[in-house]
Amino acid sequence: MGTIQVLRGTRDILPEETPLWQHVEAIARLCLQRSAYQEIRPPMIEQTALFERGIGEATDVVGKEMYTFEDRGGRSITLRPEITAGLVRAVIENNLVAQGSVQRLWHIGPAFRYERPQAGRQRQFHQLDVELIGSRSPRADAEVIAIATEILTTLGLKSLTMDLNSVGNGSDRQRYRDALVEYLTPFKDELDEDSQDRLTRNPLRILDSKAKRTQEIVQDAPDLLDYLGDDSKHHFDQVQQYLTDLGIAYQINPRLVRGLDYYTHTAFEIQSADLGAQATVCGGGRYDGLIAQLGGPDTPAIGWAIGMERLTLLLKQLNAQPKTAMDVYIVSRGEAAEANALTLAHGLRQAGLAVEMDLSGSAFGKQFKRADRSGAIACLVIGDAEAEQGTTQLKWLHTGQQEERTQTDLLAGAKELRSQILAARQVNS
RNA sequence: GCGAGCGUAGCCAAGGGGUUAAGGCAGCGGAUUGUGGUUCCGCCAUUCGCCGGUUCGAAUCCGGUCGUUCGCCCCA
């Protein structure tokens with residue numbers, strides 16, 4: 001072929017799809033804004049060390065999925081594989097959390113992981129990311145989770161399920177980890193290959209292995225929730241209580257262990273059965289240790305990320321795509337008329353109308369055909385005669401009625417025209 | 001990184017060794033040189049993802065490669 005194609009695992013989001021993305025973003029903005037969250041826009045590239053230290057060297061994301069390269073100055077740079085780490089870096093660097101203060105932040109943008117693409121998984125994907133930094137309160141957990149469910153349900157998504165778990169604090173986890181390793185070691189030879197490997201590197205991850213025999217073994221493993229200290233247990237109970245108070249459905253999944261090292265206490269995932277193997281639409285949790293670990297003040301935080309591709313995939317299964325129809329389509333022929341058309345289009349747009357101007361210069365019949373397809377309610381016709389008299393034919397495309405207006409009257413009455421079009425559109429739909 | 005399936009126009013496709021590569025949608029042009037949504041006519045792949053091999057002959061068979069889909073792993 002010889003033409004250059006998009007990189008594997010990346011894709012173009014074409015004009016027919018962008019209205020859907022804009023709709024999601026509008027809903028998200030609305031929900032976040034009225035919950036006091038502010039947008040932040042950190043860079044997409046960071047020093048590699050940020051992710052190594054933040055996400056954890058033992059994780060798959062850092063171990064084998066990062067886009068890492070040297071820049072011309074010999075620095076090791078990485079395209080962010082997720083958004084939280086960079087956002088936390090920005091918070092620390094700009095001193096956004098003075099003692100006791102709370103920051104509510106959100107961001108939407110691409111992240112990159114070098115993985116084999118499949119349904120709901122790409123090398124460049126987009127996340128809507130929300131973080132509440134500076135509160136240890138279980139109300140913070142509940143607030144953040146509630147926003148996620150609100151966005152999802154406002155978009156019309158149903159039949160989602162939420163898994164909830166607590167992985168405790170550092171010492172809870174250490175004790176549990178020891179107990180788990182002790183339990184699993186006698187079964188070592190029966191575990192799947194990956195899990196054997198994790199027994200020393202990252203034993204908690206064995207819990208949500210999909211290998212059949214491993215699952216059987218894990219059935220009788222000690223329960224993480226039994227190893228929570230009193231504070232952790234209390235926190236978890238409170239979170240559950242608050243979610244119940246808010247009418248948010250969830251199920252406790254003691255084997256939910258998320259793949260990023262920084263999580264503490266609350267961990268949750270919202271899933272859909274309609275996504276295939278990549279069922280998680282939204283995942284998140286608390287990360288009370290991360291900020292200190294990255295050199296900031298000892299500050300608790302909780303957040304989540306929604307996968308935009310997976311979300312839009314679900315929405316596409318659901319409803320017809322929103323389309324942006326034009327209000328007015330301008331048809332013109334002849335040099336003077338075409339100049340008039342341009343001026344008219346400009347003026348009407350300034351008055352708030354959506355106007356498409358036919359640029360073809362082809363026969364009126366052809367131009368009307370396009371006018372029809374544009375979804376416009378009204379059509380303006382300017383030919384030699386109209387140009388000479390400074391008039392235009394205003395044609396209503398749904399009735400075929402046509403009236404003559406002077407161009408100046410039309411512009412002066414643009415507001416009225418706008419409400420007429422609005423009314424006509426209501427009747428039509 | 002591993003396994004399996006699939007690549008024919010912008011989209012959906014038929015064809016499974018012999019030369020003219022069906023059909024539909026969309027698009028463009030015309031019937032209708034100043035009036036649309038119907039209809040009719042015409043145009044729209046010297047080429048079947050790419051490279052190489054087998055053959056007198058390859059979209060068709062073989063090898064490789066790239067892409068894609070589904071799954072594993074992992075995650076959004």
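To find a chain, count down the sequence lines: A is the first, B the second, and so on, and within it residues start at 1. Keep in mind that this is a model prediction, so the values were computed, not measured.
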Can you find a donor-acceptor N/O pair under 3.5 angstrom joining the side chain of [X] to the base of [N]?
X        : N     : value
A:Gln402 : B:U35 : yes
A:Lys64  : B:G1  : no
A:Glu386 : B:G34 : yes

Answer yes or no: does a side-chain N or O of [X] lie under 4.0 Å from OP1 or OP2 of [N]?
X        : N     : result
A:Gln5   : B:G67 : no
A:Arg333 : B:G34 : yes
A:Arg121 : B:C73 : no
A:Arg370 : B:G27 : no
A:Arg205 : B:C75 : yes
A:Arg373 : B:C28 : yes

Quick one: do A:Arg121 and A:Glu115 make a salt bridge, cutoff under 4.0 Å? yes

I'd like to know if A:Arg80 and A:Glu46 make a salt bridge, using a cut-off of under 4.0 Å between side-chain N and carboxylate O. no

For RNA chain B, whose closest nucleotide is more 5', that of A:Glu82 or that of A:Val381? A:Val381

Would you classify A:Cys282 as touching base, sugar-phosphate or nothing, given that sugar-phosphate means primed atoms plus P, OP1 and OP2, and contacts are heavy atoms under 4.0 Å? sugar-phosphate

Pick base, sugar-phosphate or nothing for A:Ala385, based on heavy-atom distances below 4.0 Å to the nucleic acid. base

Looking at A:Tyr329, is A:Arg370 sitting on its ring face, NZ or CZ under 6.0 Å from the six-membered ring centre and within 45 degrees of the normal? no

A:Phe364 six-ring centre to A:Lys369 NZ/CZ under 6.0 Å and within 45° of normal: no

